**Student:** 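The structure's right below; bear with me while I get my questions together.
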Amino acid sequence: MIVLGIESTAHTFGVAVLDGKKILSNVTDSYTTEKGGMIPAKVAKHHEDVYLAVLQKALKDIKLKDIELIAFSDAPGLGHTLRIGAAAAKSLALELGVPLVGVNHCIAHLEVTGLATKAKDPVLLYCSGANTQVIAYDGGKYRIFGETLDTGVGNFLDTLARMLGLGFPGGPKIEQLAKKSKNLITLPYSVKGMDVSFAGLETNLKRRIEKGESPEDLAFSAQETVFAMLVETAERAMAHTGKTELVLGGGVACNKRLQEMCSLMCEDRKAKFFCPENSLLVDNAAMIAWTGSLMYEKGGVSVSVEEARIKPYERTDDVEVTWRSE
Ligand code: AMP
Ligand code: MG
């Protein structure tokens with residue numbers, strides 16, 4: 001089945017075309033800044049400006065009449081930006097007369113492992129800008145075993161970068177800075193049950209930056225601390241569920257140190273560790289197209305153009321997973 005996917009939950013506007021498991025195109029254009037963070041109205045303006053070009057590039061070698069399904073990210077995310085992807089998806093479905101599927105973005109980060117890796121029933125450590133969750137399939141839904149109680153780990157790293165005067169996205173800049181230090185400062189480590197929290201750590205780092213402490217040491221220590229928190233909760237979820245595979249997902253998963261820590265933990269407990277390639281870790285439309293095709297073909301899910309809605313606050317475990325056999 002040839003599926004066109006559209007992603008627009010946050011900073012990235014993406015369009016991809018898949019033929020079964022074959023990625024025919026996967027184009028993205030992301031909002032970035034030199035200084036400061038993400039302002040929803042500005043991100044929406046970015047998407048408005050780029051969406052036609054992204055669509056054209058993704059469709060360059062594809063015949064429109066060959067497209068059999070349109071999938072779009074309908075949740076969760078910024079209302080401002082979700083609307084742009086939804087409008088494009090509805091227009092295309094209407095014009096081409098093909099079915100439409102709305103896809104939960106967090107679930108797409110998990111399902112993409114079926115496209116990109118050999119994992120069968122993994123625990124997903126999903127680390128993106130706004131979301132940080134430990135997710136696994138159980139009893140008809142993707143259950144959230146643990147999550148952040150405040151900000152997502154990506155937003156935490158972006159905030160730290162902003163406090164250090166670096167631009168957006170800050171995660172990759174913190175990763176580079178962290179490589180220049182091996183001096184581990186003890187910072188607040190906040191795991192509460194299966195959940196994590198970054199707010200106290202953020203305040204602590206703010207004070208240290210104001211006092212003029214070394215940015216390299218702070219970047220290194222912040223990474224070591226938050227990644228240890230994440231790996232701890234992921235490991236506990238694996239122990240509780242008895243699952244023996246771990247998959248990393250989300251933009252922060254591009255971080256080599258986080259990958260290394262996950263890999264070491266899995267080695268210790270004789271589990272398998274998987275990490276898709278970067279273009280499928282960051283927000284992208286290939287994962288939306290892939291998940292949409294599973295939902296439609298295996299779960300019989302679709303939505304009419306009239307009824308399709310964005311759901312900015314939908315949670316991973318709100319979605320009935322009809323496309324998976326137990
Ligand atoms: P997503 O929302 O899944 O697209 O992920 C975006 C987030 O990933 C942003 O907060 C980025 O700062 C973060 N990010 C991207 N690359 C890296 C990296 N190499 N290390 C840490 N964070 C990263
Ligand atoms: Mg994401």
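Whatever order the structure lists ligands and atoms in, that order sets their numbers, starting from 1. Note that the structure is a prediction, hence the values are computed from the model and not measured.
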**Student:** Which of the atoms in ligand 1, numbered in the order shown and given with their element, are less than 4.0 Å from a heavy-atom of Leu157?
**Tutor:**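 Checking each atom against Leu157, I get 21 (C), 22 (N).
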**Student:** Considering only protein heavy atoms, which is closest to atom 22 (N) of ligand 1, and at what distance to one decimal place?
**Tutor:**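 The answer is Gly171 CA, 3.3 Å.
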**Student:** Polar contacts were defined as any N/O atom of the residue lying under 3.5 Å from an N/O atom of the ligand; does this apply to Cys127 and ligand 1?
**Tutor:**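 Between Cys127 and ligand 1, no N or O pair is found under 3.5 Å apart.
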**Student:** Atoms of ligand 1 less than 4.0 Å from Gly154 heavy atoms?
**Tutor:**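 Here the atoms of ligand 1 in question are 10 (O).
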**Student:** Looking at Glu175, which atoms of ligand 1 are within less than 4.0 Å of one of its heavy atoms?
**Tutor:**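 What qualifies from ligand 1 is 18 (C), 19 (N), 20 (N).
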**Student:** Given the ring of Phe227, does Arg257 sit roughly above its face, with NZ or CZ under 6.0 Å from the centre of the six-membered ring and within 45° of the axis?
**Tutor:** no
**Student:** Do the charged groups of Lys256 and Glu260 touch, with an N to O distance under 4.0 Å?
**Tutor:**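 Salt bridge flag = no for Glu260 with Lys256.
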**Student:** Check the orientation of Trp323 and Tyr142. Use parallel for under 30°, tilted for 30 to 60°, and perpendicular for over 60°.
**Tutor:** tilted
**Student:** Any chance OH of Tyr51 has more than 12 other-residue heavy atoms, nucleotides or ligands included, within less than 6.0 Å?
**Tutor:**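 Counting neighbours around OH of Tyr51, 12 or fewer heavy atoms of other residues, nucleotides or ligands fall under 6.0 Å, so no.
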**Student:** Of all the non-hydrogen atoms in the protein, which one sits nearest to atom 14 (N) of ligand 1, and at what distance?
**Tutor:**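 Heavy-atom neighbour on the protein nearest atom 14 (N) of ligand 1: Gly251 O, 3.6 Å.
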**Student:** Is it true that Ser8 and His47 share a donor-acceptor pair across their side chains at a distance under 3.5 Å?
**Tutor:** no
**Student:** List the closest protein heavy-atom neighbour of atom 1 (P) of ligand 1: residue, atom name, distance to the nearest 0.1 Å.
**Tutor:**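 Checking every protein heavy atom, the shortest distance to atom 1 (P) of ligand 1 gives Asp283 OD1, 3.4 Å.
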**Student:** Taking the side chain as C-beta and beyond, is there a heavy-atom pair between Ser190 and Leu201 under 4.5 Å?
**Tutor:**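 No, every pair of side-chain atoms sits at 4.5 Å or beyond.
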**Student:** Are the charged groups of Asp317 and Lys141 less than 4.0 angstrom apart, N to O?
**Tutor:**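 No salt bridge links Asp317 with Lys141.
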**Student:** Quick one: look up the protein heavy atom nearest atom 13 (C) of ligand 1 and list residue, atom name and how far away it is.
**Tutor:**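 The closest one turns out to be Val252 CG2, 3.8 Å.
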**Student:** With only distance considered, is Asn255 within less than 3.5 Å of ligand 1 through an N or O on each side?
**Tutor:**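 Yes, Asn255 has an N/O under 3.5 Å of an N/O on ligand 1.
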**Student:** Would you check whether Pro172 reaches within less than 4.0 Å of ligand 1, judged by its heavy atoms?
**Tutor:** yes
**Student:** Of all the atoms in ligand 1, which lie at a distance below 4.0 Å from a heavy atom belonging to Gly250?
**Tutor:**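 With Gly250 as reference, the close atoms of ligand 1 come out as 3 (O).
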**Student:** Contact between Leu69 and Val101 at the side-chain level, heavy atoms closer than 4.5 Å - yes or no?
**Tutor:**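 Counting from C-beta outward, Leu69 and Val101 do come under 4.5 Å.
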**Student:** Any atoms of ligand 1 less than 4.0 Å from a non-hydrogen atom of Gly170? List them with their elements.
**Tutor:**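 Ligand 1 atoms under the 4.0 Å threshold to Gly170: 12 (O).
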**Student:** Near the Mg ion (ligand 2), meaning under 2.8 Å, how many protein N/O/S atoms are there?
**Tutor:**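 That number is 3, waters not included.
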**Student:** Looking only at protein heavy atoms, which one is nearest to atom 9 (C) of ligand 1, and what is the separation?
**Tutor:**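 Residue, atom and distance for the closest contact: Asp158 OD2, 3.6 Å.
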**Student:** A quick test of your reading: do over 12 heavy atoms of other residues, nucleotides or ligands sit less than 6.0 Å from CD of Glu95?
**Tutor:**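 Open.
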**Student:** Ignoring hydrogens and angles, state whether a donor on the side chain of Asp150 or Ser197 is under 3.5 Å from an acceptor on the partner side chain.
**Tutor:**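 Present: a donor and an acceptor within the cut-off.
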**Student:** Examine the proximity of ligand 1 to Lys256 and report which part, side chain or backbone, both or neither, has a heavy atom under 4.0 Å away.
**Tutor:** neither
**Student:** Between Asp138 and Lys243, is the closest basic N to carboxylate O distance under 4.0 Å?
**Tutor:** no
**Student:** Would you mind listing which atoms of ligand 1 come within a distance below 4.0 Å of any non-hydrogen atom of Pro169?
**Tutor:**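 Matching atoms, with element in brackets: 11 (C), 12 (O).
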**Student:** Which residue holds the protein heavy atom closest to atom 6 (C) of ligand 1, what is that atom called, and what is the gap in Å?
**Tutor:** His11 NE2, 3.6 Å
**Student:** Going by atom types only, do Thr151 and Glu202 share a side-chain donor-acceptor pair under 3.5 Å?
**Tutor:**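 No pair is found: no donor N or O on one side chain lies under 3.5 Å from an acceptor on the other.
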**Student:** Classify the contact between Leu258 and ligand 1 as side chain, backbone, both or neither, using a heavy-atom distance cut-off of under 4.0 Å.
**Tutor:** neither
**Student:** Got more than 12 heavy atoms from elsewhere within 6.0 Å of NZ, Lys45?
**Tutor:**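 Counting other residues, nucleotides and ligands, NZ of Lys45 stays at 12 neighbours or fewer.
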**Student:** Start with the C-alpha distance between Lys206 and Glu210, add both sets of side-chain angles, then the distance that settles salt bridge (Lys or Arg N to Asp or Glu O under 4.0 Å), and finish with yes or no.
**Tutor:** CA-CA 6 Å; Lys206 184 164 182 263; Glu210 283 162 3; 3.6 Å; yes
**Student:** Does ligand 1 come near enough to Val282 that some N or O of the ligand is less than 3.5 Å from an N or O of the residue?
**Tutor:**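 Between Val282 and ligand 1 (N or O atoms, distance only) the closest approach is not under 3.5 Å.
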**Student:** Considering only non-hydrogen protein atoms, determine which one is nearest to atom 7 (C) of ligand 1 and report residue, atom name and distance to 0.1 Å.
**Tutor:** Gly129 N, 3.8 Å
**Student:** What class does the angle between the rings of Tyr126 and His105 fall in, given that below 30° is parallel, 30 to 60° is tilted and above 60° is perpendicular?
**Tutor:** tilted
